[in-house]
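What follows is a single structure, written as structure tokens, with notes after it.
Note on naming: letters A, B, ... go to the chains in the order of the sequence lines (proteins, then strands), and numbering restarts at 1 for each one. Side-chain atoms are counted along with the backbone in the values below, which use heavy atoms only and exclude waters and symmetry mates. All of these numbers come straight from a predicted model, not from anything done at the bench.
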Amino acid sequence: MSTPAQQSSGQPIAFVSAQALRARMHDAVNDPHLRQSFRGAMDFLMAKRAAQFPDQGELDSLRSLSESIRQYSLSRLPDLLEQLESNLTRNGVQVHWAETPEEANAIMLGIAQRHAAKLIVKGKSMVSEEIEFNHAMEAAGVGALESDMGEYIVQLAGEKPSHIIMPAIHQTKQQIAKLFAEHIPGVDYTDNVDALIQIGRRVLREKFEIADIGLSGVNFAVAETGTLCLVENEGNGRMCTTVPKVHIAITGIEKVVEKLEHVAPLFSILTRSATGQAVSTYFNMISGPRRGEDKDGPEEVHLVLLDNGRSQAYADEQLRKTLQCIRCGACMNHCPVYTRIGGHAYGTTYPGPIGKIVSPHMMGLEQTHLLPTASSLCGACGEVCPVKIPIPELLIRLRGEANSAPQANPAMVGQGAGYDPKISLLWKMWARLYARPATYRAFSWLATRFRALTPRQQSGWTAARTPLKPASRRLRDMVKDRR
Amino acid sequence: MSARERILAKLRKARPELPLRQPSLDAHYAPRARDESRQERLARFRTGIEGFHADVHISTADNWPQVLATLCAEKNIQTLMYGASTQAAPQLEGTPFGGTTLRPWAGRFEDIKTDLFHRVDAGFTLARGAIAETGSLILWPSGEEPRTLSLIPPIHFVLLDAATIHPTFYDALVGENWAGGLPTNALLISGPSKTADIQQTLAYGAHGPKELIVIVINVEGERA
């Protein structure tokens with residue numbers, strides 16, 4: 001178990017203790033409403049995705065192509081980042097680099113203060129969640145308002161998103177109706193979804209009109225043209241990147257691709273995998289601030305490139321595959337664990353299978369070493385991943401990193417955080433026993449003879465199960481009798 | 001060392017000696033190319049975008065302004081804003097619009113921002129092209145037709161020439177060499193703004209236009 005003092009990369013992200021994680025998971029599993037919400041939503045999303053891929057051959061080909069584009073891009077990552085920077089700069093976009101969430105927030109706060117900004121309207125950005133952007137701005141007296149409907153709901157409720165694509169998936173419309181009636185002046189309770197959305201539209205349009213800065217994430221950054229691509233349905237992303245005088249985009253360093261044509265297949269597989277849509281309502285390609293004859297658009301565009309542990313994943317050939325992710329959320333939609341415990345139980349910005357493999361790099365293994373164990377290794381996440389990230393393999397790898405003796409791999413922050421010398425010794429003995437037939441036979445002979453001595457309390461096993469006890473006869477003996 | 005240098009140094013140290021092979025996009029797209037007529041392509045586009053709740057009206061090069069005027073009257077549009085110097089503007093201006101005031105975009109966004117948010121009922125823009133596979137419009141906003149014209153007014157009318165519909169997004173951006181020069185903002189638009197963020201229930205008119213109406217110029221005539 002870890003302590004907050006051990007925070008490896010010194011970031012302000014919520015601390016995940018083993019106890020807290022277990023308690024949250026326990027509570028989540030015992031909340032029938034939550035389970036119903038997630039079960040329903042996941043079934044819906046799985047069916048919608050399946051309907052988008054009627055042709056298995058096309059899906060296979062598109063997945064392989066998408067995987068190869070992401071792997072190719074990563075193989076040239078430092079070059080592509082430099083190419084992206086120089087083309088963005090040529091287009092008039094100011095590029096900033098940040099190693100940590102603090103650096104990223106400081107850069108953005110600096111921009112906000114230079115413009116004496118009072119209000120930042122935000123399009124959906126998981127990276128901004130990752131760095132706790134809203135807190136950092138509010139602490140400095142700058143308002144940060146979410147404008148994606150789901151994010152707006154979650155912010156009103158004082159919560160964090162429980163799904164990377166559908167942030168308010170855990171809320172029922174009745175809960176949202178109550179939230180709106182309580183928090184928005186002059187709004188009466190209504191659980192009519194159209195009415196609720198129109199309320200959100202009215203409130204947020206007023207904000208788009210007066211906001212000083214618009215913030216957005218990035219789905220793909222194109223190196224050869226210096227273009228930032230955004231995928232969205234609501235139009236709030238376009239509002240945030242068009243109406244305020246300043247647009248700040250923030251993204252992880254892994255999102256870059258070399259060529260504009262590379263975004264065509266990635267965009268297609270992204271929307272189909274994520275929400276089961278053939279295409280999103282808007283695909284927004286931004287190549288610079290207002291210039292020349294332009295009559296609108298922001299006067300300044302900034303891009304913040306964030307590392308925050310991504311370079312650690314990059315350093316290892318196997319773990320690098322984590323960075324292929326295009327953030328579609330299909331892995332969580334198909335995950336039996338996520339479906340049962342929901343997104344909040346994980347305690348990390350990114351929940352579900354992708355969260356389990358990406359968070360250890362962002363937060364260090366001290367805080368996250370239990371996450372890779374919250375999996376049945378059923379393999380569903382790997383099967384649906386549009387860029388073929390071998391998530392189960394990476395979970396096993398991370399379990400190994402977490403539980404191996406400290407200092408076995410100094411390149412991985414927090415490696416060995418789950419190491420227990422007693423358990424480690426036990427497994428070593430077991431391995432030896434198993435590897436030597438004579439010892440194993442002797443052990444099993446003894447186990448059947450002394451089975452009455454098996455303890456009744458077997459740690460975690462007997463918490464919810466009957467105790468294990470060796471059989472009275474070995475399989476080996478029974479087979480021998482048959483002959 | 002700056003953050004930039006530190007990040008790049010870490011990545012350089014770890015990157016593979018040789019980059020992987022360039023992915024082959026043609027190998028995926030070429031065998032899936034369709035042999036279809038322009039009318040079939042238009043039909044596919046129409047099915048796609050109608051599935052996203054857009055209205056499509058097929059018209060001709062001469063008749064589309066009348067179609068637009070009729071729709072404006074039906075929808076009781078007081079003010080329709082359009083780009084003043086596009087190729088479509090003279091035709092638009094030469095058509096009687098009844099109770100609808102035609103207002104050309106004039107000045108900078110800041111000058112007309114309040115009107116755009118509160119007094120313009122509909123925006124009219126041209127589409128650069130469209131995509132049959134997904135039912136998407138391609139817009140390249142410009143000084144003539146700024147970005148917000150297709151974003152802020154509650155109704156968005158789009159004029160599309162059926163001859164400019166591409167089979168796929170890939171065909172459009174490779175065929176027209178977009179990488180050779182993009183505007184500051186390029187867009188694909190597939191339907192009116194929408195959200196399913198409340199209990200997966202689809203609702204239209206989230207933040208952008210509540211209605212998207214496409215008028216297609218089709219040389220084969222109005223029956224397509």
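In this structure the side chain of A/Val279 never reaches within 4.5 angstrom of the side chain of B/Phe169, judged on heavy atoms. Contact annotation: the side chain of B/Leu25 approaches that of A/His262 to within less than 4.5 Å [non-hydrogen atoms, C-beta and beyond]. Taking 4.5 Å as the limit, every side-chain heavy atom of A/Thr271 sits out of range of all side-chain heavy atoms of B/Thr134. Side-chain atoms of B/His207 and A/Asp148, non-hydrogen and from C-beta on, never get closer than 4.5 Å to each other. Counting heavy atoms from C-beta outward, B/Trp105 and A/Asp296 have side chains that approach closer than 4.5 Å. Side-chain contact between A/Arg238 and B/Ser150 is present, with heavy atoms from C-beta onward closer than 4.5 Å. At a threshold of 4.5 Å between non-hydrogen side-chain atoms, the residues B/Ile7 and A/Arg310 do not count as touching. Residues A/Trp97 and B/Glu5 are not in side-chain contact: their nearest non-hydrogen atoms beyond the backbone lie 4.5 Å or more apart.
To the nearest 0.5 Å, the span separating CG on B/Asp26 from CD on A/Glu261 amounts to 8.0 Å. Here the straight-line distance linking atom OG1 of B/Thr195 with atom CD1 of A/Ile197 works out to 5.0 Å at 0.5 Å rounding. Atoms CE and CG, from A/Met285 and B/Leu139 in turn, are 10.0 Å apart once rounded to the nearest 0.5 Å.
Using a 4.5 Å cut-off between heavy atoms, B/Tyr170 touches chain A through backbone and side chain atoms alike. Only the side chain of B/Tyr29 comes within less than 4.5 Å of a heavy atom in chain A; its backbone stays farther off. For A/Tyr282, the parts lying near chain B are the backbone and the side chain together; criterion is any non-hydrogen pair under 4.5 Å. For B/Arg32, the part sitting under 4.5 Å from any heavy atom of chain A is the side chain, from C-beta outward, and nothing else. Contact annotation for A/Ile286: both backbone and side-chain heavy atoms come within less than 4.5 Å of a heavy atom of chain B. Proximity to chain A (any heavy atom under 4.5 Å) is shown, for B/Gln22, by both the backbone and the side chain. Heavy-atom distances place no part of B/Thr168 under 4.5 Å from chain A, backbone and side chain included. Of the two parts of B/Pro141, neither the backbone nor the side chain holds a non-hydrogen atom closer than 4.5 Å to a non-hydrogen atom of chain A. Heavy atoms closer than 4.5 Å to chain B are found nowhere in A/Gln175, neither backbone nor side chain. Both the backbone and the side chain of B/Ile152 come within less than 4.5 Å of a heavy atom in chain A. The contact between A/Glu258 and chain B is made entirely by side chain atoms (from C-beta outward), counting heavy-atom distances below 4.5 Å. Residue B/Thr201 touches chain A through both its backbone and its side chain, counting heavy-atom pairs closer than 4.5 Å. Both the backbone and the side chain of B/Ala196 have a heavy atom closer than 4.5 Å to some heavy atom of chain A. Looking at A/Ser268, neither its backbone nor its side chain comes within 4.5 Å of chain B, counting heavy atoms on both sides. Heavy-atom distances place both the backbone and the side chain of A/Ser311 under 4.5 Å from chain B. When heavy atoms are compared at a cutoff of 4.5 Å, B/Pro209 approaches chain A by way of both its backbone and its side chain. B/Leu173 touches chain A through its side chain: at least one heavy atom from C-beta onward sits under 4.5 Å away, while N, CA, C and O do not.
Evaluated for a salt bridge (charged side-chain N to carboxylate O under 4.0 Å, His left out) with B/Arg4, the options A/Glu82, A/Glu99, A/Glu103 yield exactly one hit, A/Glu82.
Identified by a heavy-atom distance below 4.5 Å to chain A, the contributing residues of residues 115-123 of chain B are B/Phe117, B/His118, in residue-number order.
Of the listed residues A/Leu204, A/Asp307, A/Val243, the one with more heavy-atom pairs under 4.5 angstrom with chain B than any other is A/Val243. Top candidate by heavy-atom pairs under 4.5 Å with chain B, chosen from A/Glu317, A/Glu58, A/Glu293, A/Gln171, is A/Glu58. Ranked by heavy-atom pairs under 4.5 Å with chain A, the list B/Leu182, B/Ile198, B/Leu151, B/Ile189 is led by B/Leu151. Counting heavy-atom pairs closer than 4.5 Å to chain A, the top residue among B/Ala14, B/Ser190, B/Ala3 is B/Ser190. The candidate with the highest count of non-hydrogen atom pairs below 4.5 Å against chain A, out of B/Lys194, B/Gln200, B/Gln199, is B/Lys194. The most heavy-atom pairs under 4.5 Å with chain B, out of A/Gly235, A/Gly292, A/Ala264, come from A/Ala264. Chain A forms the most heavy-atom pairs under 4.5 Å with one residue out of B/Ile112, B/Leu187, B/Thr114, and that residue is B/Leu187. With chain B as partner, the option from A/Ser73, A/Pro78, A/Gly150 having the largest number of non-hydrogen pairs under 4.5 angstrom is A/Pro78. Chosen from B/Gly191, B/Ser142, B/Gly205, the residue pairing most often with chain A at heavy-atom distances under 4.5 Å is B/Gly205. Of the listed residues (A/Glu232, A/Glu234, A/Lys259), the one with the most heavy-atom contacts under 4.5 Å to chain B is A/Glu234. Contact tally against chain A (heavy-atom pairs below 4.5 Å) for B/Glu144, B/Lys13, B/Glu145, B/Arg6: the top residue is B/Arg6.
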- Task: Might you work through the side chain to side chain contact (heavy atoms under 4.5 Å, CB included) test for B/Phe109 and A/Asp294, ending with a clear yes or no?
- Result: CA-CA 9 Å; B/Phe109 173 63; A/Asp294 289 351; over 6 Å; no
- Please report the C-alpha distance between B/Arg12 and A/Asp79 in whole Å, then the side-chain angles of each, then the deciding distance to 0.1 Å, and finally whether the side chain to side chain contact (heavy atoms under 4.5 Å, CB included) criterion is met. CA-CA 9 Å; B/Arg12 285 247 152 69; A/Asp79 301 338; 3.6 Å; yes
- Could you go through the side chain to side chain contact (heavy atoms under 4.5 Å, CB included) check for A/Tyr152 and B/Asp197 one step at a time? CA-CA 10 Å; A/Tyr152 175 64; B/Asp197 273 356; over 6 Å; no
- Could you walk me through whether A/Ile253 and B/Leu11 pass the side chain to side chain contact (heavy atoms under 4.5 Å, CB included) check? CA-CA 10 Å; A/Ile253 49 173; B/Leu11 298 178; 4.1 Å; yes
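With a 6.0 Å radius and a threshold of 12 heavy atoms from other residues, nucleotides or ligands, A/Gln36 has its CD atom at or below the threshold.
In this structure, the side chain of B/His28 does not engage the main chain of A/Pro265 through any donor-acceptor pair within 3.5 Å. One N or O on the side chain of B/Arg147 and one on the backbone of A/Thr241 form a donor-acceptor pair closer than 3.5 Å. Listed for the B/Glu133 side chain is no donor-acceptor partner under 3.5 Å among the backbone atoms of A/Ala278. Of the possible donor and acceptor atoms, none in the side chain of B/Arg15 sits under 3.5 Å from a partner among the backbone N and O of A/Arg76. Between the side chain of B/Lys10 and the backbone N or O of A/Gln312, no donor-acceptor pair lies under 3.5 Å.
Residues B/Pro183 and A/Ser287 come closest through the heavy atom pair O-CB, 3.6 Å. Nearest heavy-atom pair, A/Glu224 versus B/Ala179, reported as atom, atom and distance to 0.1 Å: OE2-CB, 3.3 Å. Residues B/Ala203 and A/Val193 approach most closely at CB-CG1, 4.3 Å, considering heavy atoms.
For the residue pair A/Arg201/B/Ser193, the side-chain donor-acceptor check at 3.5 Å is not satisfied.
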